[in-house]
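Not measured: the values here are computed from a predicted model.
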Number of protein chains: 2
Amino acid sequence: MGKGRVTVIDIAKAAGVSKSTVSLVLQASPLVNEITRGKVNAVMRELGYVYNRGAANLRQANARSKIIGIVVNDLTNSFFAELAVGVDTVVQSAGFVQFLSNTSESIDRQREVIASMREHGVSGLIVSPARGTEAIDMKPLVAAGIPVVLVVRSVPGAKVSSLVSDNHAGTSAAVEHLTSLGHRRIAFVGGFPDTAVFDERLSGYREAMSQTKEGFKEELVISSAPSRAGGVEAIGQGMSMAEQPTAAVCFNDAVAFGVCDGLRARRIEPGRDFAVVGFDNVIEAKTAVPALTTISVDPQGIGQRAAQMLLKQINAGKPEAEQAVSAVRLIVRESCGAADNNPGRRLA
Amino acid sequence: MGKGRVTVIDIAKAAGVSKSTVSLVLQASPLVNEITRGKVNAVMRELGYVYNRGAANLRQANARSKIIGIVVNDLTNSFFAELAVGVDTVVQSAGFVQFLSNTSESIDRQREVIASMREHGVSGLIVSPARGTEAIDMKPLVAAGIPVVLVVRSVPGAKVSSLVSDNHAGTSAAVEHLTSLGHRRIAFVGGFPDTAVFDERLSGYREAMSQTKEGFKEELVISSAPSRAGGVEAIGQGMSMAEQPTAAVCFNDAVAFGVCDGLRARRIEPGRDFAVVGFDNVIEAKTAVPALTTISVDPQGIGQRAAQMLLKQINAGKPEAEQAVSAVRLIVRESCGAADNNPGRRLA
DNA sequence: GTTAATAATTGGAACGTTCCAATTCTGTCA
DNA sequence: TGACAGAATTGGAACGTTCCAATTATTAAC
């Protein structure tokens, strides 16, 4: 037992059949007699046989392995951990396993990781690309016919599938909610203008604003780093305008927390004197004070859906790129002033 | 280019050498002439060669693959996400990749996942076992000579390595801190008595208490589900005692939050009228109100260390089981009343 | 009892790599 | 020039599986 692994040939010998028959049993082929199947299975259990997928995989050059790769840009962000769980559930029930790797936003690391996954023969890839990923980075993958689903961030020009959350609808809903509370000067705060996600979120804001009496005003868009510090700085800028905003739709939750900090520094209480809406619904949003009104994006759902898209492509022969959008929803909490007794009235 | 993958033989043909030479280049062997090496590398780049680890792996039956598996019981818990990141950093720089799977505390799922990983030929496994895992579940792995490092939870009787955090020292430090603040009736709250982690945390509490003037009192140990709801229930029980406790060391942070909820429901303000200490330092601990005093366990560090232990075993021929303990530290925040101006005095 | 059809089984080749032993090439020295 | 050492290269066998075509066993039909 100790020396050498037990192979299909050992099983064949012990069960008194040929290796071909054992192979058929392994694949649950209907060609093999029930009683033979039983015997073979018994012997396999007895000898502690473990299937060698590497070898199998080598033979069937056409059909690919039962591995899918998932690479994320920041696993410490619980958003991506949830996403990975979503992927895992569907992928696992399809008999696949997942390779997971973290790039920490490094494009070099991302290249290495993807190369390594190819060497291991993944049949498909789910990628949340590191910042700065270009269409050309995806090129070798599509050339090799490996299905790819991009999540969260899309890469303009890449001929692969993508699944991003409905950023446009999210900020749009935020604006509508704020106007329904009586706000008219609503700022869009935070984020770097050169990313696709920023464009989409801004465009939702712009569209909703242009349907208000006030209309869209360029001056109310204040970009900054997409961080807490960025939020502080941006709101400082906003509140120094002649005609101050009374509400802010923020690029993400981190910015929104920064905005709250900045407001307090000016003796303005977020949720009471000023309405703040975030984006992402990070875990702290619920427990922060005031609890943050934000846009929730269901990372686990995205993971599941991305996995389904990927499996579909793997099963279809030719990978057919497909663009999808995942719904978002507004979570109303305290920071917009709507959750208290006298919603928004005094803010207008 | 489209049809069939490019193999070592294609490279050999194109470079005018034999496949053996190409193989040597692949392994960076010093036997091959510099200029040949250059040519071969150039051709590989040109034809877009990707190494087939499956095939390589098949041939070298002795040396194992460059894959390590990591299975966790709850990836949505950010603790484990951090742990996975820690593993990833060290494993990746050693040229390995990681399979990651989530068991959601299901022992069946865990069995499947481990089987699947074996089929893929992992060279080692890092496992945070699902509740109820027994030594026998690890048996086939040690029989096959596959190194395993158990993390977070140990499995009594399993002949594999383990790395757990120093639960004993953690609760012990918590008790000492509370007594230094003047507390004498300190309860131990939450957790199910049948787990190893519970035993360790309780024993740290017991030891520290028995060194106080009061001594250890069985009545002050109140177990419950290790959840927020469990905490609420347990503290209710605690506060209905004739002689009420003035402080609680909780099984984990979730319980601690529940204890705070339960106290407030009784008009007792945690951090001012009663001291609460958690365990784990989950991400919300910092932002909660009051900010939670707790024991921090550095999940990323545990991941790194576990990976190092595993690699050591993989590189050594024979896997030598080794038990290790990871240090913890007390993070003092507001919930124990020590962080305000008049620490603890009024509580005694 | 022969033939045809169907069910079940089988040996060998192939997948892409590495290893081994053997071979060829280069230069050096007597 | 021949012999020899060392450097560089090479052809085949092997790893554990699957696939194909071929074979054998079983049953049905006349």
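Using a 4.0 Å heavy-atom cutoff across all strands shown, A:Ser23 reaches at least one base atom of the nucleic acid.
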Using distance only, find each side-chain donor-acceptor pair of residues 299-309 of chain A under 3.5 Å and give its atom names and separation, not counting sequence neighbours.
unit_1	atom_1	unit_2	atom_2	d
A:Arg305	NH1	A:Val325	O	3.2

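In the model, B:Thr76 has a side-chain atom that pairs as donor or acceptor with a side-chain atom of B:Asp74 under 3.5 Å. Judged purely by distance below 3.5 Å, without hydrogens or angles, the side chains of A:Gln98 and B:Ser101 never pair a donor atom with an acceptor atom. A donor-acceptor pair shorter than 3.5 Å can be found between the side chains of B:Gln323 and B:Ser162. With 3.5 Å as the limit, one finds a donor-acceptor pair spanning the side chains of B:Thr133 and B:Gln110.
Straight-line distance from the CE atom of A:Met44 to the P atom of D:dG16: 16 Å, rounded to whole Å. A straight line from CD1 of A:Ile35 to P of C:dA8 spans 11 Å, rounded to a whole angstrom. Spacing between atom CD of A:Gln27 and atom P of D:dT17 amounts to 11 Å, rounded to whole angstrom units. For the pair A:Leu58 CG and D:dC15 P, the interatomic distance rounds to 14 Å; values are reported in whole Å. We find that CD of B:Glu34 is positioned 12 Å from C1' of D:dA8, with the value rounded to whole Å. Atoms CG (B:Asn57) and P (C:dC19) sit 11 Å apart, rounded to a whole Å.
Remark: B:Glu322 engages B:Lys312 in a salt bridge, criterion side-chain N to carboxylate O under 4.0 Å.
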Which pairs, protein N/O on one side and nucleotides 9-12 of chain D N/O on the other, fall under 3.5 Å?
unit_1	atom_1	unit_2	atom_2	d
D:dT9	OP1	B:Thr36	OG1	2.6
D:dT9	OP2	B:Asn33	N	3.1
D:dT10	OP2	B:Ser18	N	2.7
D:dT10	OP2	B:Ser18	OG	3.3
D:dT10	OP2	B:Thr21	OG1	2.8
D:dG11	N7	B:Ser20	OG	2.9
D:dG11	O6	B:Ser20	OG	2.8
D:dG12	N7	B:Lys19	NZ	2.9
D:dG12	O6	B:Lys19	NZ	2.9

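The side chain of B:Gln60 contributes an N or O atom lying less than 4.0 Å from OP1 or OP2 of C:dC19.
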